[in-house]
Amino acid sequence: MSGKKILCLFDVDGTLTKPRQVIDSTIEDFLLKNVKTKCPLGIVGGSDFKKIAEQMNGDDVVKKFQYVFPENGLVQFKNGEEIGRKSIQDHIGEEKLQEFINFCLNYLSKINLPVKRGTFIEFRAGMLNISPIGRSCSQKERDEFEKYDKIHNIRKTMIDALKNKFTNIDLTYSIGGQISFDVFPHGWDKTYCLRHLENEGFDEIHFFGDKTDKGGNDHEIYNDSRVVGHRVCGPDDTKKQLEDLLKDKF
Ligand code: M1P
């Protein structure tokens with residue numbers, strides 16, 4: 001037993017759940033009965049709170065996990081209470097933001113896809129989420145878009161166009177899921193949540209994520225010197241790596 005104060009911090013999609021799916025009861029039970037009894041638990045997701053709550057069996061997620069950081073930690077919950085949120089419009093300014101949104105709408109109006117649905121831009125507290133197919137697509141359409149995008153690079157090509165156009169705004173583009181990408185100011189990636197843990201007295205923060213390669217939304221935090229990074233390939237692998245960690249540390 002190490003005697004160290006450890007926090008286990010998890011990405012959601014692809015780490016605790018299958019993409020955009022509800023957490024499996026085996027994984028949730030394991031976390032709450034076997035891990036939480038030994039060390040505090042945290043979540044840092046790219047999604048907004050509504051989606052994280054849907055995937056984690058309801059709004060009570062903020063009571064089950066000591067720390068919940070939706071939108072990379074631009075919104076923060078600690079012990080069941082919201083303790084802060086950051087606003088993208090205050091940071092970028094309305095004028096530039098509208099220029100950016102208008103460019104995206106114009107770009108999206110010119111591409112053809114096998115299917116297009118609705119909600120192409122989701123405006124969140126600390127980021128924009130942009131989806132070429134539209135967030136209101138069905139699960140089947142979502143899975144098909146992901147395959148189509150792997151061949152046709154729809155998201156990557158759009159990100160390149162945005163990078164070329166908006167050299168004057170300090171934005172980061174991150175592909176964290178199947179049908180969309182997130183846009184936020186530099187440094188507002190998942191490492192943003194670490195500032196809310198700095199004074200919490202942890203000796204080690206173990207982060208578990210699946211999108212750890214460059215361009216994935218776990219890349220920066222996985223490589224941050226303030227955490228011990230664990231690259232996983234799905235919820236079952238997360239459980240296995242946690243079992244190993246528990247054997248080693250407790
Ligand atoms: O948590 C990872 C991503 O999940 C969703 O992505 P998609 O809908 O494309 O599968 C989004 O909520 C996205 O913001 C988030 O990063």
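Counting convention: from 1, in listed order, for ligands and their atoms alike.
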Out of Lys4, Lys5, Arg226, which residue meets the salt bridge (charged side-chain N to carboxylate O under 4.0 Å, His left out) rule with Glu204? Lys4
How many angstroms lie between CZ in Arg124 and CG in Asn72, if you round to the nearest 0.5 Å? 9.5 Å
Per side-chain contact (heavy atoms from CB on, under 4.5 Å), Arg155 is matched among Ile130, Ile179, Asp149 by Asp149
List by chain and number: which residues place a heavy atom under 4.0 Å from ligand 1? Asp13, Arg20, Gly46, Ser47, Lys51, Arg124, Asn129, Arg135, Arg142, Gly176, Gly177, Gln178, Ile179, Ser180, Asp182, Asn217
Side chain to side chain donor-acceptor pair (under 3.5 Å) filter on Asn164, not counting sequence neighbours, yields none
With Tyr67, the side-chain hydrogen bond (donor to acceptor under 3.5 Å, both in side chains) member among Glu200, Gln76, His196, Lys78: Glu200
So which of Phe207, Phe208, Tyr222 actually passes ring pair (Phe, Tyr, Trp, His ring centres under 6.0 Å) with His230? Phe208
